[in-house]
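Here is the structure we will look at.
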Amino acid sequence: MTDKLMPTAALDASLEPSRVSRRTTIIRRLVLLAIGLIAAFGLPWFVYPPVAMDIAAWALFAISVDLLLGYTGLLSFGHAAFWGSSAYVTGLIALNLGVPFPVAIIGGMIFAMLIAIPIGYLSVRRAGIYFAMVTLAFAQTIYFVANQWKDLTGGENGLQGIPTTFFGIEKVETQAFYFYYAAIVMILLGMWGAWRIVHSPFGRVLVAIRDNPARARALGYDVERYKLIVFVLSAGLAGLAGGVFSISHGFASLQELDWTTSGKVVLMTVLGGIGTLWGGPVGAALVVMLEDRLASSGFEGIGIITGGIFIICVLLFRRGIWGTARDLLLWARIKFAPGDKAAPPREDAIAGSPGDLP
């Protein structure tokens with residue numbers, strides 16, 4: 001028996017590559033986390049604070065869509081229903097109860113998750129374009145209800161004068177710069193929640209469902225149940241982002257429920273790179289800053305420019321900005337790594353599953 005056992009030194013040597021790989025992955029994630037936090041907390045120093053807050057809110061909104069599109073394979077054209085409904089509920093709570101805005105935002109997020117349960121239950125039994133159309137139909141239904149229920153939502157005028165109450169701290173309540181730092185904490189918590197979902201056993205199952213639903217079902221996973229859970233979680237993150245957005249602007253309008261809002265966030269997700277999580281903030285920053293610059297210059301054809309960029313990105317950067325950069329980094333690491341340079345790249349890292357790469 002002892003002759004057949006691997007010596008301790010040989011065993012340690014065989015485990016060393018995996019340890020180095022794991023250590024490298026941890027270091028890479030910590031570096032990216034540091035860069036992300038520096039960018040998040042330094043953004044209002046370089047960008048007008050309300051615009052910086054818009055970037056953060058849309059970034060979380062794009063990440064919520066990426067949970068469905070990039071990791072579960074579900075394209076939702078109705079996510080504006082959760083972004084907009086949370087914006088309205090957050091505004092109503094802040095106006096009528098006068099609670100601090102984090103409490104109002106949490107209330108809006110819970111409402112978005114509650115309405116996502118029946119919508120998701122009826123939607124996840126479809127796939128592809130049928131799922132997209134069902135979610136769009138539900139979103140337009142909520143848009144119609146908000147437009148007709150004028151006594152509650154204000155109709156076409158929307159909710160105006162939403163307060164930014166924050167425990168009596170005057171600077172946060174009156175200055176956009178300080179409000180940003182009070183609200184960004186909630187956005188970052190939402191992003192951390194999305195990261196934990198993706199890098200958990202639950203996230204692994206989502207990737208399996210995306211790649212081969214029939215095989216996942218054969219392995220004993222309740223595919224519809226998993227889809228419903230991630231749909232509700234995604235709606236909650238979208239609701240959190242929508243609540244922050246409404247508090248930041250001081251109003252909630254029908255625009256937040258319109259189908260164009262769903263299209264805009266899908267555009268951000270695809271531009272940044274689906275199945276990456278980091279692509280959402282990249283796409284949101286690009287679109288929001290571009291729209292702000294064009295609007296400030298008086299240019300009215302903003303949709304033409306953003307649509308053109310989208311076409312170029314789809315044709316030249318099939319995996320989006322962040323996804324393309326990640327793939328190039330992976331190729332360079334394999335190309336110039338010592339040892340077998342002909343080893344093919346890992347499929348799960350390329351496909352956007354929660355592998356070693358962020």
Side-chain angles (χ1 to χ4, degrees), residues 36 39-40 43 49-70 76-91 93-94 101-116 135 139 142 159 162 164 179-198 230-253 255-258 260-269 271-272 277-289 291:
L43 191 59
V51 177
M53 194 73 261
D54 284 357
I55 292 174
W58 280 100
L60 181 57
F61 193 15
I63 287 175
S64 73
V65 172
D66 198 22
L67 275 181
L68 289 180
L69 179 57
S76 172
F77 273 134
H79 246 49
F82 312 119
W83 162 276
S85 62
S86 176
Y88 272 101
V89 172
T90 298
I93 294 175
F101 74 79
V103 178
I105 291 172
I106 292 174
M109 180 183 68
I110 293 174
F111 180 82
M113 297 177 73
L114 289 176
I115 64 172
T135 55
I142 295 177
L159 292 177
I162 298 176
T164 56
F179 170 80
Y180 175 89
Y181 285 103
I184 194 62
V185 175
M186 303 189 72
I187 296 292
L188 292 177
L189 287 174
M191 292 180 177
W192 176 81
W195 187 88
R196 286 297 304 144
I197 291 171
V198 167
V230 73
F231 189 87
V232 174
L233 293 174
S234 176
L237 294 178
L240 176 61
V244 172
F245 185 84
S246 68
I247 293 291
S248 174
H249 285 260
F251 71 88
S253 66
Q255 179 65 32
E256 317 313 326
L257 291 167
D258 193 53
T260 56
T261 300
S262 296
K264 181 178 177 180
V265 73
V266 171
L267 167 66
M268 293 176 177
T269 306
L271 280 178
L277 287 188
W278 287 91
V282 173
L286 176 63
V287 173
V288 172
M289 292 184 67
E291 289 183 345

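A side chain to side chain donor-acceptor pair (under 3.5 Å) check over residues 57-67, counting only residues at least two apart or in different chains, returns nothing. Each side chain to side chain donor-acceptor pair (under 3.5 Å) pair with one or both residues in residues 238-249, not counting sequence neighbours, appears once here: D54-H249.
Annotation: the span from I55 atom CD1 to L60 atom CG amounts to 14.0 Å, rounded to 0.5 Å.
For the pair L271/V282, no side-chain contact is recorded, criterion being any heavy-atom separation below 4.5 Å from C-beta on.
In summary, of the residues considered (I110, L240, V89, I93), a side chain to side chain contact (heavy atoms under 4.5 Å, CB included) with I105 occurs for L240 alone. Each of Y88, F245, F111 was scored for a ring-ring contact (aromatic ring centres under 6.0 Å, His included) with W83, with one residue passing: F245.
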Check the pair M109 / M186 against side chain to side chain contact (heavy atoms under 4.5 Å, CB included), numbers first and verdict last.
CA-CA 11 Å; M109 180 183 68; M186 303 189 72; over 6 Å; no
Begin with the C-alpha distance, continue with both residues' side-chain angles, and end with the deciding distance and a verdict on side chain to side chain contact (heavy atoms under 4.5 Å, CB included) for M268 and V65.
CA-CA 10 Å; M268 293 176 177; V65 172; over 6 Å; no
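Looking at T269, its side chain does come within 3.5 Å of a backbone N or O of V265 through a donor-acceptor pair. Between the side chain of T261 and the main chain of Q255, a donor-acceptor pair closer than 3.5 Å is present.
Taking the centre of each ring, F179 and F101 come in below the 6.0 Å mark.
For S86, the side-chain contact (heavy atoms from CB on, under 4.5 Å) criterion is met by T90, A112, not counting sequence neighbours.
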